[in-house]
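I have placed the structure first, in the form of C-alpha cells, so that the comments after it can refer back to it.
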4 protein chains.
Amino acid sequence: MSKRDQILETALGLFVEQGIAATATAQIAKQAGVATGTLFHHFPSKADLVAALYLGVKAQLADAMAAEAAEGTLADQARQYWERGLDWALSHPGALQFLQLVGLQGHEDTQLRHQAISELLPFVPALLARGQAEGVLRPVPADLALEQCHSQFMSAAAFFIAQPEHARDSQYRESAFALFWHSLAY
Amino acid sequence: MSKRDQILETALGLFVEQGIAATATAQIAKQAGVATGTLFHHFPSKADLVAALYLGVKAQLADAMAAEAAEGTLADQARQYWERGLDWALSHPGALQFLQLVGLQGHEDTQLRHQAISELLPFVPALLARGQAEGVLRPVPADLALEQCHSQFMSAAAFFIAQPEHARDSQYRESAFALFWHSLAY
Amino acid sequence: MSKRDQILETALGLFVEQGIAATATAQIAKQAGVATGTLFHHFPSKADLVAALYLGVKAQLADAMAAEAAEGTLADQARQYWERGLDWALSHPGALQFLQLVGLQGHEDTQLRHQAISELLPFVPALLARGQAEGVLRPVPADLALEQCHSQFMSAAAFFIAQPEHARDSQYRESAFALFWHSLAY
Amino acid sequence: MSKRDQILETALGLFVEQGIAATATAQIAKQAGVATGTLFHHFPSKADLVAALYLGVKAQLADAMAAEAAEGTLADQARQYWERGLDWALSHPGALQFLQLVGLQGHEDTQLRHQAISELLPFVPALLARGQAEGVLRPVPADLALEQCHSQFMSAAAFFIAQPEHARDSQYRESAFALFWHSLAY
DNA sequence: AATGAATGAGACTTCATTCAT
DNA sequence: AATGAATGAAGTCTCATTCAT
C-alpha cells in the first residue's frame with residue numbers, strides 16, 4: 001500500500017474514533033508510520049486530507065450500490081440498492097461514520113448534497129421520478145424525497161453500526177427498509 | 001439580559017456558524033461584551049458551557065412540544081406534536097442546528113439519546129406503544145421506531161431551516177409529515 | 001519595565017544580531033523572560049511586532065533630532081540636526097541597524113519613505129526648500145535631495161557604528177558631514 | 001539556457017520579489033521548471049546558490065564598469081564609470097536589488113566590502129587617491145571616501161530603479177552625478 | 001544530469017485556563 | 001461578579017536537504 005493510502009486509512013480510523021478536530025496531523029502521520037512532512041507532501045492541508053477522504057469514501061459507496069443494475073419491480077430495485085448500501089456500510093462502518101462527521105462540520109449544504117447524490121447515484125432521483133409517474137410513490141416534492149432517501153439511509157446505517165447485533169436480525173432489517181419504503185410509497 | 005445569558009446566546013450563534021471546536025472561548029467572550037475571565041467565572045470550562053447550552057436547548061424544545069396535551073386521534077396527536085416541534089425549530093434555527101452539532105461531536109450514543117427522549121418527551125414512546133397496540137402503527141421494534149422519530153424530525157427541521165422559503169408552503173409541510181407518518185403507520 | 005517593553009527591547013537586539021527572519025518568536029519570548037503566548041498577546045503576529053518596533057524606533061529618532069529647534073545659518077542648522085541624529089544613532093546602534101534591516105526586507109517604497117520623513121522630520125524638506133530658494137543649495141529635484149539626506153545619514157551612521165573608534169575622531173566626523181553638505185551645497 | 005542558468009535567473013527574480021529567506025528552494029525549482037533535486041545537484045545548499053548568484057552579479061557589474069578604460073580629466077573618468085554603472089543597473093534592476101539584499105542579510109562587513117571593491121573595481125580607490133593627491137578631491141579619510149562611492153551609487157541606482165520614469169530625464173541624471181561628485185570634489 | 005517522494009526539526013500561532021486585582 | 005494579562009502545551013504547516021531510481 002502506498003504511503004498516501006496508509007495516511008488515508010489511518011486518518012479515517014482516527015477521525016471516527018476521536019473526531020476530526022481532535023485528531024492531530026502529527027498523530028495521523030505517526031500512526032501511519034510516515035513523517036509529518038510526508039502527510040503534507042500528499043495533502044497540502046488537513047482540510048485537503050479530509051476532502052480527499054470524503055470524496056474517496058463517497059465514490060466507494062456509490063460504486064458498491066451501483067455495482068450492477070437492479071432488477072424487478074420498483075420496490076424490488078429499491079430494496080436491492082438499499083441492501084447493497086447497508087451491506088457496504090456494515091462492512092465499512094468507519095467510512096460511513098466519517099461521512100456523517102463531515103456532513104455536519106463541513107456545512108454540507110442541502111443543495112450540494114443533492115447535487116452529489118444526483119451525480120454519484122443518478123439512479124436514485126431516476127427511481128423516484130419513475131415511481132411518482134407510475135403512481136407507486138406519493139407525490140412528494142422531489143428535493144424533499146431525495147433528502148428523505150439520504151437521511152433514512154444514513155439513520156438506518158448508523159443504527160445498525162451502533163448495534164451490530166441487530167444487523168443480521170431479519171426483523172430489524174425488514175423493518176428498517178419498511179420504514180423507508182412506506183414513507184415514500186402508497 | 002444577564003452576562004451569563006449574553007454568553008450563552010453568543011456562544012450558540014458562534015458554535016453554529018463556525019463549529020464548536022473552531023470557536024475560541026476568547027471570541028465568545030469578546031463578542032458577548034464580557035472579559036475572558038467572566039466566561040470562566042460562569043462556566044468552569046468550555047465543555048461546561050457546551051453542556052449548559054445543550055441541556056437548555058433540549059429543555060426548551062421539550063417545553064415547546066409538550067406545552068399542552070395533544071388531542072384527537074393518534075394521527076391528530078402526532079401531527080400536533082410534529083408541528084409544534086417544527087415551529088419551534090423554525091423560530092430557533094440555531095438551537096436546532098446546535099443540537100445536531102453536539103450529537104455528532106459528542107459521540108452521543110443511540111441508547112443515551114433514547115434515554116434522553118424518554119425522559120424529556122415521554123409522550124413519544126407512549127404514543128408509539130399505543131399505536132402499535134391499537135394496530136394503527138406497523139409492528140416495528142421499539143428502538144428502531146424511536147430512532148425513526150428522532151431522525152425524521154431532525155431531518156425535516158434541517159431541511160426547512162436550510163430552505164426557509166418552503167417552510168410556509170403547505171405542500172412541503174404536508175409532505176414532510178406524510179413521510180414521517182406513513183413510515184410508521186399502516 | 002512592562003512585559004511588552006521587555007519583548008520589544010529583546011526583539012530589537014535579536015533581530016539586529018541574527019536578522020529578522022532568522023529570529024524565532026520563541027527565542028524572543030524566552031530571552032525576554034515571558035511565555036510565548038505573552039508575545040502574541042501583545043503583538044498578534046511577528047509582523048506586527050516588527051511594525052511596532054519600526055514605528056517606535058523611527059519616532060525616537062525623530063524626537064532626538066527635533067528635540068529643540070536648530071539655530072544659526074542654514075549650514076549651522078543642518079549641522080546641528082546631523083550631529084544630533086548621529087549622536088542618537090551612536091548611542092542606539094541597534095535601533096539604527098534595525099531601521100536598515102526593515103528598510104530592505106519590507107519593500108519600503110521610496111515614496112513611502114519620503115512621506116514618513118516629511119511627517120516625522122518636517123524640518124528636513126523645509127530646510128531643503130529654503131536652501132534652494134536662497135541659492136545656498138544646488139537646484140536638485142526635491143525627491144532626489146530628500147533621498148540623498150536619508151541615504152547619506154544612514155550610510156554615515158552605519159559607518160560609525162561599524163567602526164566606533166572613528167566616531168569621536170573629529171577628522172572623521174567633520175569629513176562625514178562635509179561629504180553630506182557639499183553634495184547639496186554650492 | 002542550461003538548467004543551472006534557469007535556476008539562477010529564477011532565483012534572482014524570486015529573491016528580489018519575496019526576499020531571500022522567504023523564498024523556498026522548492027519554489028525556485030518549480031518555477032524554473034526543474035526538480036528539487038536538480039537544484040541541489042547544481043548548488044549543494046541554498047547558501048551556495050545565493051553565493052553563486054552574488055559573485056556572478058558582482059562580476060557582471062564590474063565588467064560593465066571596467067569594460068574599457070575611462071578617458072579625459074578625473075571628473076570625466078568618474079563620470080564615465082558612474083554612467084556605465086548606472087546604465088548597467090537600470091538594465092539589470094533585479095541584479096542590483098539583489099546586491100543590496102545580500103548586503104544586509106549577510107552581515108556584509110564594511111571592511112569586507114572595501115576589500116571586494118578594491119579587488120573588482122581597483123580603479124575606484126586609484127582614482128580617489130589620485131584625485132586627493134592632485135588636490136581635486138577633498139582630503140577625506142580613504143575608507144570613508146570609498147564607503148561614500150559605494151553608498152552614493154547604490155542609493156542613486158535604487159532611486160532610478162524605483163522611479164524609472166526619471167532614469168532618462170537628463171536633469172535627474174545630471175543631479176544624481178552632481179550629488180556624488182560634489183560630495184567628494186572641491 | 002535529473003527526478004520527486006520522503007524526512008523531521010522547527011517555525012508561527014492558537015487557545016483553554018488561571019489569577020492577581 | 002468582573003477583568004484581562006499571562007501562561008505554555010499543543011497544533012498546523014514549512015522547508016532545506018537526502019536518496020533511491
Side-chain angles (χ1 to χ4, degrees), chain A residues 2-4 6-7 20-30 32-50, chain B residues 2-4 6-7 20-30 32-50, chain C residues 2-4 6-7 20-30 32-50, chain D residues 2-4 6-7 20-30 32-50:
Chain A
S2 76
K3 301 221 165 190
R4 196 188 129 97
Q6 283 171 244
I7 293 168
I20 295 177
T23 300
T25 50
Q27 191 190 5
I28 299 170
K30 191 172 187 180
V34 303
T36 330
T38 305
L39 188 154
F40 286 93
H41 177 68
H42 291 287
F43 309 96
S45 74
K46 188 180 182 179
D48 285 309
L49 169 58
V50 172
Chain B
S2 77
K3 299 219 166 189
R4 189 174 186 281
Q6 282 170 247
I7 293 169
I20 295 177
T23 300
T25 50
Q27 190 190 3
I28 299 170
K30 189 171 187 181
V34 305
T36 328
T38 306
L39 187 154
F40 283 89
H41 178 72
H42 290 288
F43 308 95
S45 76
K46 187 180 182 180
D48 286 312
L49 168 58
V50 172
Chain C
S2 76
K3 302 221 166 195
R4 199 188 126 99
Q6 283 169 244
I7 293 168
I20 295 177
T23 300
T25 50
Q27 191 190 2
I28 298 170
K30 191 172 187 179
V34 305
T36 331
T38 306
L39 189 155
F40 285 92
H41 178 68
H42 290 288
F43 309 97
S45 75
K46 188 181 182 179
D48 285 309
L49 169 57
V50 171
Chain D
S2 76
K3 299 219 166 187
R4 190 174 187 280
Q6 282 170 247
I7 293 168
I20 295 176
T23 300
T25 50
Q27 191 191 3
I28 298 170
K30 190 172 187 181
V34 304
T36 328
T38 306
L39 188 154
F40 283 89
H41 178 72
H42 290 287
F43 308 96
S45 76
K46 187 181 183 181
D48 286 312
L49 168 58
V50 172

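All figures in this text were calculated on a predicted structure; none of them were measured in a lab. Basis for what follows: all heavy atoms, side chains included, without hydrogens, waters or symmetry-related copies. Throughout, protein chains are lettered first and strands after them, A, B, ... in sequence-line order, and every chain is numbered starting at 1.
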Query raised in the report: Between C:Lys30 and F:dG8, is there a side-chain N or O to OP1/OP2 distance below 4.0 Å?
Result: no
Query raised in the report: Partners of C:Thr23 by side chain to side chain donor-acceptor pair (under 3.5 Å), sequence neighbours excluded?
Result: C:Gln18
Report task. Respond yes when some side-chain nitrogen or oxygen of A:His41 is under 4.0 Å from OP1 or OP2 of E:dA5, and no when none is. Result -> yes
Query raised in the report: Is there a donor-acceptor contact under 3.5 Å from the side chain of A:Lys46 to the main chain of A:Ala24?
Result: no
Query raised in the report: About how many Å separate OG1 of C:Thr36 and CD of C:Gln27, when rounded to the nearest 0.5 Å?
Result: 12.5 Å
Query raised in the report: Phosphate oxygens OP1/OP2 of E:dA6: is one of them under 4.0 Å from a side-chain N or O of A:His42?
Result: yes
Query raised in the report: Does A:Thr38 put a side-chain nitrogen or oxygen below 4.0 Å from OP1 or OP2 of E:dA5?
Result: no
Report task. Measure from CD1 on C:Ile7 to P on F:dG8 and round the result to the nearest Å. Result -> 13 Å
**Report entry** Strand DNA chain E as a dot-bracket string - pairs counted if Watson-Crick or G-U with both distances under 3.5 Å, | where the partner lies in another strand
**Finding:** .||||||||||||||||||||
Query - Value rounded to 0.5 Å, distance of CZ in C:Arg4 from NE2 in C:His41 - result: 10.5 Å
Query raised in the report: What heavy-atom pair brings D:Phe43 and D:Ile7 nearest, and what distance separates the two atoms?
Result: CE1-CG2, 3.8 Å
Query raised in the report: Could you state the CD-C1' distance from A:Gln6 to E:dA5, rounded to the nearest angstrom?
Result: 13 Å
Requested in this report: Going 5' to 3' through nucleotides 14-21 of chain F, assign each nucleotide B (protein heavy atom under 4.0 Å from a base atom), S (under 4.0 Å only from sugar-phosphate atoms) or - (no protein heavy atom that close).
Outcome: BSBBB---
Requested in this report: Give, for atom CG of C:Leu39 and atom NZ of C:Lys30, the distance between the pair rounded to the nearest 0.5 Å.
Outcome: 15.0 Å
**Report entry** Integer-rounded Å distance: F:dA2 P and B:Arg4 CZ
**Finding:** 11 Å
Query raised in the report: Can B:Leu49 and B:Thr25 be said to form a side-chain contact (heavy atoms from CB on, under 4.5 Å), step by step?
Result: CA-CA 10 Å; B:Leu49 168 58; B:Thr25 50; 5.6 Å; no
**Report entry** Whole-Å distance separating the CZ atom of C:Phe43 from the P atom of E:dT14
**Finding:** 15 Å
**Report entry** Nearest-nucleotide 5' precedence on DNA chain E, A:Ser2 against D:Leu39
**Finding:** D:Leu39
